[in-house]
Amino acid sequence: MLKALACLIIALTLGFAAAARGEPAWDHVARVVTFGDLHGDYAKFHDMLDEAGLIDAHDNWSGGKTHLVQLGDVPDRAPDTRRILDLLIKLEPQARRSGGYVHVLIGNHEAMNMEGDLRYTTPAEFAAFADAHSPYLRDAYYAATVAALKAHPPAGAPLVFDAAFRARFDAEHPLGWVEHQLAWSTEGVYGRWVLTHSAIIRIDDAIYLHAGIGPSFVPFDIDVMDKAVIAALRHQPEVAGGPHDILWNEEGPLWYRGMAQHDEAAESANVAAVLARYKVSHVIIGHTKQYTMVNARFDGAVILTDILGPDRCNDPHGFLIKEGDTLTSVYRGHRLPLGVSGAAHDAYLAQIAAIEKARTPIPCALN
């Protein structure tokens with residue numbers, strides 16, 4: 001139903017010209033800045049861009065040849081998804097003109113929004129799409145929904161299309177909901193943009209992806225998995241012998257949590273297989289809020305960048321900078337060498353603890 005309606009009104013919502021997808025590998029990159037999940041938090045995103053030296057006072061790219069990698073999960077949970085996406089779309093061509101790059105990877109929440117799974121989409125995210133035309137668009141979608149239900153009644157008791165039914169419909173489809181879904185469709189401004197991106201990339205000796213790679217996906221080339229994600233988002237059939245159910249498989253690149261959560265002894269064989277398979281030294285991931293800072297597992301083979309606020313409220317705005325073999329964790333504005341094992345890792349954790357001890361806690365409502 002929504003797709004049929006989209007054909008009538010999509011011209012009102014499009015504004016982005018899709019670009020060709022590039023190869024998912026880069027070499028000889030001097031500086032890579034990595035942000036984990038953003039989930040609609042524009043203030044966090046903007047603060048980290050500024051802290052990393054990637055934008056100027058007018059929100060234009062100032063990062064030169066730096067590569068920014070955002071590991072997916074821009075949408076949901078907070079209100080400003082659209083502002084983040086619009087700034088990323090603005091920065092992408094600016095970075096390329098400067099010799100840099102903005103890589104926005106596909107996470108499970110990008111897939112969920114494109115597939116219509118809106119469990120974590122907030123009312124404010126829908127409201128960001130609402131305008132004077134929204135009541136008319138919702139009325140049109142309601143009419144299309146009722147017509148479809150009358151033409152193909154669901155099993156069970158017959159539906160009654162009365163005021164109570166309409167009230168439930170409006171509650172489930174707030175103003176801006178239709179525009180949100182159109183924008184995230186494969187022909188919409190954000191859906192089309194997502195389809196120009198990758199789920200997995202390699203930059204020098206590291207692969208970057210949203211979640212991780214489970215054992216059943218290790219046999220596949222990065223390019224094969226990447227193309228499978230795009231094909232699935234386009235609702236194209238799977239390639240025989242290729243990755244199965246890649247958008248939702250718990251071992252797939254959008255969902256796998258084993259590298260972040262499994263006991264290292266139990267997961268070490270899989271991590272070693274991934275490093276060997278893709279000829280890299282690091283797997284850099286988001287998705288799982290396991291630590292209150294950027295942190296390393298498996299002696300640096302896996303680096304986690306999705307940050308769990310120390311009190312589940314005050315986000316320290318942590319991110320990773322990789323300059324050759326040098327790894328730097330940025331935490332509350334402090335730049336700390338990321339020790340990945342042994343005494344160096346202990347020293348890193350001690351520095352984080354000292355920063356937390358010295359700071360004045362900020363109440364959640366004020367942060």
Side-chain angles (χ1 to χ4, degrees), residues 31-54 66 68-73 77-78 206 208-212 256-268 271 281-367:
R31 182 174 187 252
V32 183
V33 174
T34 304
F35 295 170
D37 304 26
L38 297 174
H39 284 304
D41 190 339
Y42 181 83
K44 170 183 175 177
F45 175 53
H46 194 274
D47 178 69
M48 294 194 302
L49 287 172
D50 187 57
E51 178 67 33
L54 299 181
T66 297
L68 169 64
V69 181
Q70 196 287 313
L71 293 171
D73 278 15
R77 302 188 189 279
Y208 298 77
L209 68 159
H210 179 61
Y256 187 61
R257 297 188 189 273
M259 291 179 165
Q261 292 184 331
H262 288 175
D263 180 80
E264 290 198 15
E267 184 70 13
S268 60
V271 171
S281 301
H282 307 284
V283 181
I284 300 177
I285 57 176
H287 187 52
T288 303
K289 293 183 183 295
Q290 189 77 351
Y291 302 104
T292 60
M293 75 297 287
V294 172
N295 206 0
R297 303 192 77 208
F298 306 95
D299 295 332
V302 176
I303 300 175
L304 283 68
T305 66
D306 192 15
I307 308 298
L308 174 69
D311 53 10
R312 293 189 175 273
C313 176
N314 294 306
D315 191 306
H317 295 190
F319 60 94
L320 175 70
I321 301 175
K322 187 176 186 295
E323 296 169 298
D325 294 332
T326 301
L327 300 171
T328 301
S329 169
V330 180
Y331 184 88
R332 298 197 189 281
H334 299 268
R335 300 192 176 209
L336 310 173
L338 176 58
V340 298
S341 63
H345 188 242
D346 292 341
Y348 169 64
L349 297 180
Q351 287 180 295
I352 296 290
I355 292 169
E356 284 300 304
K357 184 176 181 180
R359 65 182 286 268
T360 301
I362 301 174
C364 287
L366 302 179
N367 191 48

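Quick caveat: nothing in here was measured; it's all calculated off a predicted structure. Any value given below was found using the heavy atoms of this structure, including those in side chains, with hydrogens, waters and symmetry copies removed.
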Kindly say whether Leu308 contributes a backbone atom to a donor-acceptor pair with the side chain of Thr292 at under 3.5 angstrom? no
For residues Leu49 and Leu68, determine if any side-chain heavy atom of one lies less than 4.5 Å from a side-chain heavy atom of the other. yes
Restricting to side-chain contact (heavy atoms from CB on, under 4.5 Å), what partner residues turn up for Asn295, sequence neighbours left out? Tyr291, Met293, His345, Tyr348, Leu349
Between Gln70 and Gly36, is there a donor-acceptor pair closer than 3.5 Å when you use the side chain of the first and the backbone of the second? yes
Does the side chain of Thr288 pick up a donor-acceptor pair with the side chain of Arg257 at under 3.5 Å? yes
Any side-chain heavy atom of Arg359 sitting closer than 4.5 Å to one from Arg332? yes
Is there a side-chain contact between Glu51 and Arg335 in this structure, where contact means two heavy atoms from C-beta onward sitting under 4.5 Å apart? yes
Please identify each residue that fulfils side-chain contact (heavy atoms from CB on, under 4.5 Å) with His262, with sequence neighbours left out. Tyr256, Glu267
Quick one, Tyr208 and Leu71 - any side-chain contact, counting heavy atoms below 4.5 Å? yes
Of all heavy-atom pairs between Ile307 and Gly318, which one has the smallest distance, and what is that distance? CG1-O, 3.8 Å
Nearest 0.5 Å, please: how far is OG1 in Thr328 from CZ in Arg31? 9.0 Å
If we ignore hydrogens and angles and just use 3.5 Å, is the side chain of Asp37 paired with the main-chain N or O of His39 as donor and acceptor? no
Which residue pairs pass the salt bridge (Lys or Arg N to Asp or Glu O under 4.0 Å) test with at least one member in residues 284-303, sequence neighbours excluded? Glu264-Arg297, Lys289-Asp306
Any donor-acceptor pair under 3.5 Å from His282 side chain to Gly300 backbone: yes
Ignoring hydrogens, what is the shortest heavy-atom contact between Ala211 and Ile285? Give both atom names and the distance. O-CD1, 3.4 Å
I would like to know whether Asp73 and His210 meet side-chain contact (heavy atoms from CB on, under 4.5 Å); could you show each step before the answer? CA-CA 8 Å; Asp73 278 15; His210 179 61; 3.1 Å; yes
Kindly indicate whether the side chain of Leu336, heavy atoms from C-beta on, has any atom under 4.5 Å from the side chain of Ile352. yes
Would you compute the distance between atom CE of Met48 and atom NE2 of His317 and round it to the nearest 0.5 angstrom? 7.0 Å
Is the shortest side-chain heavy-atom distance between Val283 and Leu209 below 4.5 Å? yes
Are Leu338 and Ile303 close enough that some pair of their side-chain heavy atoms sits under 4.5 Å apart? yes
A side-chain contact here means heavy atoms from C-beta on lying under 4.5 Å apart; do Lys44 and Phe319 qualify? no
